[in-house]
Amino acid sequence: MLDRRLIRDDPDKVVKGIESKNVDTEIGTVIALDKELLAIQKQSEELKHERNVKSAEVAAKKRAGEDADELHMYLKNLSQRIKDIEAKSKEASARLDELLLTLPNLPHASVPIGKDESDNVVRRTWGEVTEPYFDVLPHWEIGEKLRVLDLEAGRRVTGRGYIVLRGDGALLSRALVNFMLDLHRDQGYEEVLVPYVVNRGSMVGTGQLPKMAEDMYHCEIDDLFLIPTAEVPVTNIERDSFTPADELPVKYTAYSPCFRREAGSHGADTRGLLRVHQFDKVEMVKVVYPDDSYDELESLLDDACVVLEALELPYRVLELCTGDLSFAAAKCYDLEVWSPGVEKWLEVSSCSNFEDFQARRANIKIKKAKGERHRFVHTLNGSGLALARTIAAILEHHQTPTGRVRIPAKLVPYMQGKEYLG
RNA sequence: GGAGAGGUGGCCGAGCGGCUUAAGGCGCCCGCCUGCUAAGCGGGUGUGGGGGUAACACUUCACCGAGGGUUCAAAUCCCUCCCUCUCCGCCA
């Protein structure tokens, strides 16, 4: 959520920031409604003050045994006026809150201006992207050949976009999760195991609701949602809390499955493991002191890159432009791994700084020192990594001419010593 | 799922229509005293919004789980909902 005071004091900045994100909002209405509400509240406050003073007079008279009927009549009338104006104020305030929740975060000044993904900037590339000297099979072919991936079974059990990993494929998935969690623990993150179903407040807190409602699996009878990322439960651990400044940063890592309806994204790039409705992911979340959040973003990015390097997968780091930035993000880097079978860069991680956008929604504050105003923390998160596409990349990038798949050395201890699939 | 009890400031805990714009305690901060430490003494210490200030000061409104209602006046009375605890039932 944006700071109402910022919207009031510097509307131009807010309008420009939102425009650069290339989304339609009712920012104009918000600005007007904010003014209107302030005026209503001022009026209401004055009347309430009068009521408080005069009511105290009634109490004083009664104690003195005097008659207060005249004041009674006056106050009865005053109270009715207050009630009327309060109703107006409540209505305006509810409408304003609703609209405020639909405004996206503003991009950080360092974010390149651009209208869509074609304007993203490649920050750096790691590893060699070489032309393979044999025909690399796409992951769904090599996966089915090696009996580690069973797409048909997934369709049968649930439907399109759901997959079954079997045998060493399932082991590989588990190995990756364990490897990543161990790595992030060593990087100083606290491992947490969290619910995969969350309430509405949590979804609003991290910014998935109200905007992304259609992408969410929703259990109506309990009004609970399947998480699209561990970011949601993990960040909301801190909801409605005050953290002493000297306890920051707080760093968490968590494994979770992620559920995404992917409404309206059928068609391209959906084969095999490229875009599925349920995938596993290891996530990192940081809750940090505001002044440090951009340094923390860089180190978060480094922590994610280490995973890809350990898996010996070539990747590049994209700096998202304003138009491609997600709703809640102020700045974001995507990590894309090269997959020679499909000849594509696959997004396997996204590292974002939300500044105080989520903290305002979720009410995560820093315990203030004497005489200071409360400040909100900054929150960040990054995948480290999303499994489905990582597995796709391993199946393709580490494929051998003999139709086997080499397990990266760092992963072998997690694979019961196996050095190859097949 | 059934029955009962309860939700008050960072924590404990009183208040159950107006002398509470939340008593008292703990914790925390500042000062005093004590050759260190502990104890003791004095003062301060919630959140959010508005006005005000260079910044303070100051001022005002709201907040006692959430939302509605009664009343001139609600932490206090009424209604609805949520949550926690205890006991019972069911169950992996």
Side-chain angles (χ1 to χ4, degrees), chain A residues 1-11 30-101 193 195-205 209 219-225 233 236-248 250 287 356-357 359-377:
Chain A
M1 192 150 59
L2 298 179
D3 186 359
R4 236 178 107 189
R5 206 145 15 186
L6 178 69
I7 295 173
R8 187 143 66 221
D9 294 344
D10 199 349
V30 170
I31 292 169
L33 203 53
D34 173 63
K35 273 207 187 84
E36 188 188 326
L37 183 59
L38 271 188
I40 294 173
Q41 279 172 339
K42 187 173 182 185
Q43 201 183 350
S44 157
E45 241 186 53
E46 284 165 2
L47 295 179
K48 280 181 182 169
H49 180 225
E50 190 183 355
R51 180 177 66 182
N52 287 347
V53 171
K54 295 246 162 74
S55 279
E57 275 176 41
V58 173
K61 284 197 174 186
K62 289 224 159 164
R63 240 174 287 132
E66 290 172 33
D67 171 76
D69 285 357
E70 211 173 300
L71 259 181
H72 263 195
M73 286 313 293
Y74 178 78
L75 279 170
K76 196 180 177 88
N77 186 277
L78 183 66
S79 276
Q80 188 53 51
R81 282 169 64 204
I82 290 172
K83 208 173 263 182
D84 293 346
I85 202 164
E86 273 293 282
K88 268 208 286 189
S89 161
K90 281 233 168 84
E91 195 192 320
S93 163
R95 172 126 178 80
L96 181 62
D97 287 347
E98 198 181 298
L99 287 178
L100 279 172
L101 287 177
L193 184 64
Y196 305 145
V197 178
V198 299
N199 58 33
R200 189 170 283 275
S202 292
M203 280 297 195
V204 172
L209 287 179
C219 175
E220 250 174 79
I221 195 164
D222 296 308
D223 197 25
L224 296 174
F225 298 82
N236 277 286
I237 289 173
E238 302 290 321
R239 182 143 60 100
D240 292 319
S241 71
F242 297 80
T243 307
D246 59 10
E247 286 177 24
L248 297 173
V250 175
V287 176
D356 64 3
F357 187 80
R360 280 179 192 283
R361 291 173 160 245
N363 190 29
I364 309 172
K365 289 175 183 160
I366 300 165
K367 202 167 173 60
K368 62 169 187 175
K370 225 178 156 51
E372 274 181 348
R373 257 192 120 73
H374 269 297
R375 292 180 78 182
F376 289 97
V377 299

Let me confirm one number: the CD-CZ distance from A:E36 to A:R95, rounded to the nearest 0.5 Å.
10.5 Å
Rounded to whole Å, please give me the gap between CZ in A:R375 and P in B:rU47.
16 Å
Starting at atom NE2 of A:H72, determine the distance to atom C1' of B:rG17, rounded to an integer number of angstrom.
13 Å
Once rounded to the nearest 0.5 Å, what's the spacing between atom CG of A:D3 and atom CG of A:D10?
11.5 Å
P-based separation of B:rC87 from B:rA66 [nearest Å]
28 Å
Side-chain N,O (A:R5) to OP1/OP2 (B:rG50) below 4.0 Å:
yes
A:E57, CD: over 12 other non-hydrogen atoms inside 6.0 angstrom
yes
Ignoring backbone atoms, test whether A:K83 places a side-chain nitrogen or oxygen under 4.0 Å from the OP1 or OP2 oxygen of B:rU70.
yes
Measure from CG on A:L47 to C1' on B:rA73 and round the result to the nearest Å.
16 Å
Rounded to the nearest 0.5 Å, what separation is found between the CG atom of A:L96 and the CZ atom of A:R4?
5.0 Å
Count the heavy atoms belonging to other residues, nucleotides or ligands that lie under 6.0 Å from CD of A:E70, then report whether that count exceeds 12.
no
C1' gap between B:rC88 and B:rG10, integer Å
37 Å
Taken to the nearest whole Å, CD1/A:I364 to C1'/B:rU47 is 17 Å
Protein-nucleic acid N or O pairs under 3.5 Å, nucleotides 54-64 of chain B:
from	atom 1	to	atom 2	distance (Å)
B:rU60	O2'	A:E45	OE1	3.4
B:rC61	OP1	A:N52	ND2	3.2
B:rA62	OP2	A:N52	ND2	3.4

Drop me the distance from A:L47's CG to A:I82's CD1, to the nearest 0.5 angstrom.
5.5 Å
Grab the N/O contacts between the protein and nucleotides 8-11 of chain B below 3.5 Å, and write none if there aren't any.
none

Is there a Watson-Crick or G-U wobble partner for B:rG67 with both distances under 3.5 Å, and which nucleotide is it?
B:rC79
Is it true that A:S202 and A:N199 share a donor-acceptor pair across their side chains at a distance under 3.5 Å?
yes
Heavy atoms within less than 4.0 Å of RNA chain B: which residues of residues 73-82 of chain A have one? Give them sorted by number.
A:L75, A:K76, A:S79
Between B:rG27 and B:rC12, how far is it from one C1' atom to the other, in whole Å?
10 Å
Scan every strand shown for a Watson-Crick or G-U wobble partner of B:rC72, both distances under 3.5 Å, and answer none if you come up empty.
B:rG18
For atom NZ of A:K365 and atom C1' of B:rG46, their distance in whole Å:
11 Å
P atoms of B:rG25 and B:rG44, separation to the nearest Å
12 Å
Could you check A:A56 against A:Q41 and say which one's nearest nucleotide on RNA chain B is further toward the 5' end?
A:A56
Given 3.5 Å as the limit, does a donor-acceptor pair link the side chain of A:S55 with the main chain of A:R51, or not?
yes
Give me the distance, rounded to whole Å, that separates B:rG13 from B:rC33 when you measure between the P atoms they each carry.
38 Å
Any strand counts, and the cut-off is 3.5 Å on both contacts for Watson-Crick or G-U wobble. Which nucleotide pairs with B:rU86?
B:rA3
Hey, what do you get for NZ (A:K61) to CG (A:L71), rounding to the nearest 0.5 Å?
5.0 Å
Rounding to an integer number of angstrom, what distance separates B:rG7 and B:rA14 when you compare their P atoms?
9 Å
In Å and rounded to the nearest 0.5 Å, what is the CZ to CG distance from A:F225 to A:L209?
4.5 Å
Separation of A:D97 atom CG from B:rG49 atom C1', in whole Å?
12 Å
Specify the separation, in whole Å, of atom CG of A:D9 and atom C1' of B:rG49.
14 Å
Identify the nucleotide, in any strand shown, that forms a Watson-Crick or G-U wobble pair with B:rC33, with both distances under 3.5 Å; if there is none, say none.
none
What's the gap between B:rA23 and B:rU45 when it is taken at their P atoms, as a whole Å value?
11 Å
With a 4.5 Å heavy-atom cut-off, do A:K88 and A:E91 have their side chains touching?
no
Check the distance between B:rG48's C1' and A:M1's CE and give it to me in whole angstrom.
12 Å
Tell me, do A:V58 and A:K54 make a side-chain contact under 4.5 Å, heavy atoms counted?
no
Pairwise P distance for B:rG65 and B:rA75, with rounding to whole Å:
10 Å
Name the pairing partner of B:rG27, where a pair is Watson-Crick or G-U wobble with both distances under 3.5 Å, or state none.
B:rU45
Verdict with supporting geometry, A:R360 and A:D356, salt bridge (charged side-chain N to carboxylate O under 4.0 Å, His left out):
CA-CA 6 Å; A:R360 280 179 192 283; A:D356 64 3; 3.2 Å; yes
